[in-house]
Amino acid sequence: MANPPTLAQLTASLTSLGLPTPHPSFLSPILANGLQKKTPLPGLIATAKLRLLCADFSSPLILASNPAPPAFPPNITDVKIPARKLDRDVVVQVLDVEDIGKSKWSQIELLESVRKGETTKGREVIRVVPNEENRLPSSASTQAIGTQAAGRQGEGGKEGPFKLLMQDCKGNRVYGFELHKVQKVEYPPGMGIGCKILLKRGSQIARGMVLLEPERTVVLGGRIDGLDKAWREGWEQRLRELVERETRGRGG
């Protein structure tokens, strides 16, 4: 008879996937429940991975404190430093995402059309019906935009580049700019707010911004439900405020 899984095995399995070391108090209930149900190690790993990806890394008792998980250097946002590279792997969570390759007004127009129950597929007007898990109009709009983006990518089009607001385990925030297309970087629901991303050692930093490249950027997945819901519900309003601010700045 095989020995039951241990906390050390579960921890080592998660870190081998590129995740930071979880705090023992985070993993212990998962392990205890799994042992009670006689869940094999692969099942425990899947459960722990999902819960870790959906946790807020900046909250206490989520990640181990000894050794402390890798974080950004304290002066990462210093715009006076023209170029440097990350000297460690850092896992971050996404707090905001913006497609800077598309005008804000065109995104507002698409959100409006979806809210009216219509959007386009080529020259065809189609109805948009929210699913059971997604009844909020703003969330449905977000899902429709994500679906349209995926369709254009499948046709050879390129969405983005995207700009992300990222946060490390210590709460440090920095923007990331998609220098080259990174798979799975997109608007929610494709990439949820709170999604975890592994920035590999050697990632470039230029004047306080991380340059995202596919060779050194791995989207691990997950989302933080509360943050994701708030982002999606307030997305259109934020876009409108940005458009108004830019218009005032031009003196319009």
Side-chain angles (χ1 to χ4, degrees), residues 53-58 72 76-77 90-112 114-115 119 133-134 136-154 157-169 171-200 203-206 208-214 216-243 245-246:
L53 289 175
C54 294
D56 185 347
F57 280 2
S58 64
F72 289 131
I76 188 171
T77 57
V90 179
V91 177
V92 299
Q93 54 194 20
V94 176
L95 300 183
D96 194 13
V97 54
E98 178 184 357
D99 184 350
I100 60 176
K102 184 186 291 134
S103 74
K104 297 178 182 63
W105 189 247
S106 68
Q107 296 177 61
I108 292 172
E109 289 178 330
L110 182 53
L111 286 165
E112 287 177 339
V114 173
R115 190 170 59 252
T119 185
E133 297 178 351
N134 212 346
L136 293 171
S138 56
S139 297
S141 303
T142 309
Q143 184 165 353
I145 289 180
T147 301
Q148 286 198 340
R152 284 192 291 271
Q153 286 175 341
K158 182 182 185 302
E159 292 303 306
F162 287 96
K163 183 173 77 171
L164 310 180
L165 177 60
M166 307 179 296
Q167 181 186 48
D168 69 9
C169 61
N172 300 311
R173 298 183 178 189
V174 65
Y175 281 104
F177 178 79
E178 196 179 34
L179 191 61
H180 301 291
K181 183 61 189 172
V182 176
Q183 290 297 317
K184 301 181 182 179
V185 169
E186 55 186 301
Y187 272 136
M191 181 185 71
I193 302 302
C195 174
K196 307 304 184 288
I197 293 180
L198 170 62
L199 302 176
K200 293 184 178 181
S203 294
Q204 299 184 69
I205 307 167
M209 180 177 288
V210 179
L211 304 181
L212 305 176
E213 302 175 275
R216 295 182 178 87
T217 308
V218 181
V219 177
L220 300 172
R223 71 178 181 187
I224 300 174
D225 286 338
L227 295 180
D228 186 76
K229 182 174 183 290
W231 187 95
R232 293 166 72 176
E233 289 177 349
W235 186 22
E236 183 176 348
Q237 182 60 34
R238 289 193 303 276
L239 286 172
R240 290 186 179 278
E241 290 173 355
L242 288 170
V243 169
R245 194 178 308 153
E246 291 174 357

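We're numbering straight along the sequence, starting at 1. Quantities reported herein were computed from a predicted structural model and do not represent experimental measurements.
Applying the salt bridge (charged side-chain N to carboxylate O under 4.0 Å, His left out) test to R173 and every residue at least two apart in sequence or in another chain returns nothing. Looking at residues two or more places apart in sequence or on another chain, you find a side chain to side chain donor-acceptor pair (under 3.5 Å) between R223 and D225. Qualifying side chain to side chain donor-acceptor pair (under 3.5 Å) partners for D56, counting only residues two or more places apart in sequence or in other chains: S58, Q93. For R238, there are no side chain to side chain donor-acceptor pair (under 3.5 Å) partners, not counting sequence neighbours. For Q237, the side chain to side chain contact (heavy atoms under 4.5 Å, CB included) partners are E241, not counting sequence neighbours. For L227, the side chain to side chain contact (heavy atoms under 4.5 Å, CB included) partners two or more places apart in sequence, or in a different chain, are L95, I193, I224.
Contact check for F177 versus I100: side-chain heavy atoms found under the 4.5 Å cut-off. A 4.5 Å side-chain heavy-atom check between I76 and N172 finds every atom pair outside the cut-off. F72 places a side-chain heavy atom less than 4.5 Å from the side chain of L199. A 4.5 Å side-chain heavy-atom check between R240 and W235 finds every atom pair outside the cut-off.
Taking every heavy atom of both residues into account, P214 and V182 meet most closely at N-CG2, 3.9 Å. Between E112 and E236, the shortest heavy-atom distance links the atoms CG-OE2, 3.9 Å. Across every non-hydrogen atom of E178 and G160, the tightest pair is OE1-CA, 4.5 Å. Taking every heavy atom of both residues into account, V219 and Q183 meet most closely at CG2-O, 3.5 Å. The two residues M209 and V174 come nearest to each other via the heavy atoms CA-CG2, 4.5 Å. When every heavy atom of E213 is checked against every heavy atom of H180, the shortest pair comes out as OE2-CD2, 3.8 Å.
Note that CG of D96 is 6.5 Å distant from OH of Y175, once rounded to the nearest 0.5 Å. Interatomic distance, S203 OG to L179 CG, rounded to the nearest 0.5 Å: 11.0 Å. Rounded to the nearest 0.5 Å, atoms CG (L212) and OG1 (T217) are 4.5 Å apart.
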**Message:** side-chain contact (heavy atoms from CB on, under 4.5 Å), that's the test. Do V210 and L164 meet it? Break it down for me.
**Reply:** CA-CA 9 Å; V210 179; L164 310 180; over 6 Å; no

**Asked** When you look at K163 and E98, which way does the side-chain contact (heavy atoms from CB on, under 4.5 Å) test go after all the steps?
**Response** CA-CA 5 Å; K163 183 173 77 171; E98 178 184 357; 3.7 Å; yes

**Message:** Between Q167 and F57, is the side-chain contact (heavy atoms from CB on, under 4.5 Å) condition met? List the steps.
**Reply:** CA-CA 9 Å; Q167 181 186 48; F57 280 2; over 6 Å; no

**Message:** Test side-chain contact (heavy atoms from CB on, under 4.5 Å) on W231 and V97; report intermediate values, then the result.
**Reply:** CA-CA 10 Å; W231 187 95; V97 54; 3.7 Å; yes

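Applying the side chain to side chain contact (heavy atoms under 4.5 Å, CB included) test between V90 and each of I197, L198, D168 identifies D168 as the sole match.
A donor-acceptor pair under 3.5 Å is formed between the side chain of K196 and the backbone N or O of L53.
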